[in-house]
Each structure stands twice: as C-alpha cells, then as structure tokens.
Amino acid sequence: MQNEGSHGKIMMPMPRRPILIVSGLAVLYAGVRIVPGLRREDLVFEEIDDPVGFRRLTAGKSSAGFDPFFGLEDRTENNQADAETRVRSNICASLYGDRCGAGEIVPVASFSDYYCPYCRVQTKRLAAIEARPGSGVRVAWHELPLLGETSKLAAKAALAARNQGAYRAFHERLMKSPFRATPEYLQALADDIGIDHAQLTADMNGERVLLDLENSAALARIFDFIGTPAMVIGRTVIQGEISERTIQDVVAREREEGWASVCQRN
C-alpha cells in the first residue's frame, strides 16, 4: 500500500528485508557489547627458551624504540654485562622488586616511556586495576626511555624523585602532562609536588638512578622488548598495549597456574 505525504508525494514503504538485516546487526552488536563471552580473547602462549619457564603472548600496539641502551652511552659494555648478570641472578626480584607478593597476588612489571602514547593508555589502565580493592595485582614500574633525550630526562627525574618519596607523584604527573621534560619544567614540577629541586638534580645523575636504568635496559634485552609499552605478568611476557580484558585474563591464568614457580627456576 502506498502512503501520500502532506505535499502529495508518494511515500514508498521501506522493504522488510533491509529492516530485518539492520535489526539483526543491531542485536548482534548489542550481544557483542553485553555478553562478555562473545568478545573473549583467545590467549595463545609461546614458551621461550631464555629465561627458562617464561612464555610470550603476542599483543598490541607499541611505540618503536631505538637502542635499548639509549641514555647509557657513557657506560661501558662491562657495565651492561654486569647489569645482565645482576638481573639474571634473581630475575623475579629484578622484575618485581618487593612487589612479588605471595599467594593470590600476581605481580606485573611494566616498562614504559613517558612520551609513548600507548604507554600513557596502558599505565592508566594498570594503575586503575591495581587500585581496585581486592584486585590481587601489584605493579612494579620500570623506566625504559627509548624515544629521545626528553624521555631520558623524564625517566631520570622520576627515579631521582624516589629518594624523596615522590616517585609515584612524579610518575603520574609526567604520564599525564602535555609538556615535554625540560630542566625548567622539572623544577616547576618539583616545586609543585613539594620536593627539593637541588637534591633532585643531583640525584638524577647519581649511581642508583644509572643502575636502575641499566637494570631495566638489561631486562628489556633479555626479554627481547623492541619498544614500549611492554610488560611481564607473572611469567607471561607481553609486547605492546593490550586491553583490560586481556590483562585480567592473563592475571587469572597466572593465579590459577601458580606463576611463582618460575622464580624457583631462575
């Protein structure tokens, strides 16, 4: 049947088949969004030979890095070899520090650069997961400044701020800031957070900061990280930004399978 509009034009009814197709797609889309099982990501692991007991999950987007020892050019090859020996002597402690935990706690070692856009997304995601009551996740943050001099400067400042109990404050502000790190910006940031800028500047070139950067770079080489973000969850090595669902799935798998066994093998 045809309908006549207010201006005398003939209005043709929409065919039922397109309506059904569109309706069907809408239902399917709603199902994908509402039913978690329809979006569950398959976890495919690949065992790696070194370090023993770890496995790799190929993941998402990264900002490509340059030299994994960027910013450490003034250190000798012996320093780099020493760093690898140090971290291999206790790979779990090197990755997770005192965040290893026990029982239901699953540690995450996050490697990031302050000016990698994917790192900013992943860092926020990990921090939110860790902050949830009963999450059973503990994050250890590693500085891996691969994207230039400002990355190196920001990483050293954050590590130096730790000596004044302000690592997390510096880390969070640098991850959110639209500004690139400069000496002037770091002074303003130190003043705003309430730490001593002169001490911060001195500590940025201190031995502890350089050792931390060397250790993180050595871990990056051991686990073949080619950019940031990267992380290790329990015994699962991941390159790139991944979804919260994938993080939670890996955490659940690590908890079920007893991730800590890998620490006894390295």
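- Closest heavy-atom contact between T150 and A181: CG2-O, 3.6 Å.
- Between the Q239 side chain and the P229 main chain, a donor and an acceptor come within less than 3.5 Å of each other.
- Scanning for side chain to side chain donor-acceptor pair (under 3.5 Å) contacts around D224 gives an empty result, with sequence neighbours left out.
- Taking 4.5 Å as the limit, some side-chain heavy atom of L219 sits within range of a side-chain heavy atom of S94.
- Residues A161 and I195 share a closest heavy-atom pair of CB-CD1, 4.2 Å.
- For the pair V209 and A160, the tightest heavy-atom approach, listed with the atom from each and the gap, is CG2-N, 3.8 Å.
- Cation-pi contact between R56 and F45: absent, since separation from the ring centre below 6.0 Å together with deviation from the ring axis within 45° is not met.
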>> Could you go through E143 and H171, starting from their C-alpha distance and side-chain angles, then the distance that decides it, and tell me whether this counts as side-chain contact (heavy atoms from CB on, under 4.5 Å)?
In response: CA-CA 10 Å; E143 306 295 341; H171 178 76; 3.9 Å; yes
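- Ion pair K156/D203 not flagged as a salt bridge, since none of the NZ, NE, NH1 or NH2 atoms sits closer than 4.0 Å to an Asp/Glu carboxylate oxygen.
- Between the side chains of Q122 and S110, no donor-acceptor pair of N or O atoms lies under 3.5 Å.
- Pairing each heavy atom of A154 with each of Y114, the nearest pair is CB-CD1, 3.6 Å.
- Residues V121 and C119 fail the side-chain proximity criterion, which asks for heavy atoms closer than 4.5 Å.
- Checked by atom type and distance alone, the side chain of H197 never pairs as donor or acceptor with a backbone atom of D191 at under 3.5 Å.
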>> Working note: L159 + F170, criterion side-chain contact (heavy atoms from CB on, under 4.5 Å); need CA distance, chi angles, decisive distance, verdict.
In response: CA-CA 9 Å; L159 290 171; F170 249 75; over 6 Å; no
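- The pair D50-R88 meets the salt-bridge criterion, since a charged nitrogen lies less than 4.0 angstrom from a carboxylate oxygen.
- Under the 6.0 Å cut-off for aromatic ring centres, F223 and F111 do not qualify, their centroids lying 6.0 Å or more apart.
- A salt bridge between R55 and E257 is present, with a side-chain N of the basic residue lying under 4.0 Å from a carboxylate O of the acidic one.
- Across all their heavy atoms, A217 and L144 have their closest contact at CA-CD1, 4.2 Å.
- For E172, there are no side chain to side chain donor-acceptor pair (under 3.5 Å) partners, not counting sequence neighbours.
- Under the 3.5 Å distance criterion, with hydrogens and angles disregarded, no donor-acceptor pair is assigned to the side chains of S112 and Y118.
- Electrostatic pairing of E47 and R235 counts as a salt bridge here, judged by a charged N lying under 4.0 Å from a carboxylate O.
- The pair D192-R173 meets the salt-bridge criterion, with a side-chain N (NZ, NE, NH1 or NH2) lying under 4.0 Å from an Asp/Glu carboxylate O.
- In this structure, the side chains of S151 and L146 stay at 4.5 Å or more apart for every pair of heavy atoms.
- For E241 and R120, the salt-bridge test fails: no basic side-chain N is under 4.0 Å from an acidic carboxylate O.
- None of R132, R125, K124 except one satisfies the salt bridge (charged side-chain N to carboxylate O under 4.0 Å, His left out) rule with E244; the exception is R132.
- Of the possible polar contacts, none joining the S216 side chain to the L213 backbone as a donor-acceptor pair under 3.5 Å is found.
- We find the CZ-CZ distance between R162 and R168 to be 13.0 Å, quoted to the nearest 0.5 Å.
- A donor atom on one side chain and an acceptor atom on the other are not found under 3.5 Å apart for T228 and D113.
- When hydrophobic clusters are built by joining Ile, Leu, Val, Met, Phe, Trp and Tyr residues whose side-chain heavy atoms come closer than 4.5 Å, directly or via intermediates, L43 is grouped together with F54.
- Between Q164 and D196 the shortest heavy-atom distance is OE1-N, 2.8 Å.
- By the 4.5 Å heavy-atom criterion applied to side chains, R180 and L153 are not counted as neighbours.
- Every residue was checked against the side chain to side chain donor-acceptor pair (under 3.5 Å) condition with S135, not counting sequence neighbours, and none meets it.
- In this structure, Y185 and L174 have side chains that are in contact, with non-hydrogen atoms separated by less than 4.5 Å.
- Residues N163 and Q199 are in side-chain contact: their nearest non-hydrogen atoms beyond the backbone lie under 4.5 Å apart.
- T85 places a side-chain N or O within 3.5 Å of a backbone atom of A81 that can act as its donor or acceptor partner.
- Atom CG in L147 sits 14.0 Å away from atom NZ in K152 (nearest 0.5 Å).
- Looking only at side-chain heavy atoms (C-beta outward), I233 and W259 stay at 4.5 Å or farther from each other.
- Taking the charged nitrogens against the carboxylate oxygens, R138 and E130 have no contact shorter than 4.0 Å, which rules out a salt bridge.
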> Between Y96 and V108, does a side-chain contact (heavy atoms from CB on, under 4.5 Å) hold up when you go through it step by step?
Replying inline: CA-CA 7 Å; Y96 307 123; V108 178; 5.6 Å; no
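- V52 and I91 fall into different hydrophobic clusters, where Ile, Leu, Val, Met, Phe, Trp and Tyr are joined by side-chain heavy atoms under 4.5 Å apart, directly or via other members.
- Ionic pairing of D249 and R245 is present here: one or more N-O contacts between side-chain nitrogen and carboxylate oxygen are shorter than 4.0 angstrom.
- Note that CD of E104 is 5.5 Å distant from CZ of R255, once rounded to the nearest 0.5 Å.
- From N215, atom CG reaches atom CG of L211 across 6.5 Å, with rounding to the nearest 0.5 Å.
- Side-chain contact check for F225 versus V237: some heavy-atom pair is nearer than 4.5 Å.
- A distance of 11.0 Å separates CG in L189 from CZ in F179, rounded to the nearest 0.5 Å.
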> So T182 and Q187, side-chain contact (heavy atoms from CB on, under 4.5 Å) or not? Walk me through it.
Replying inline: CA-CA 9 Å; T182 64; Q187 179 170 1; over 6 Å; no
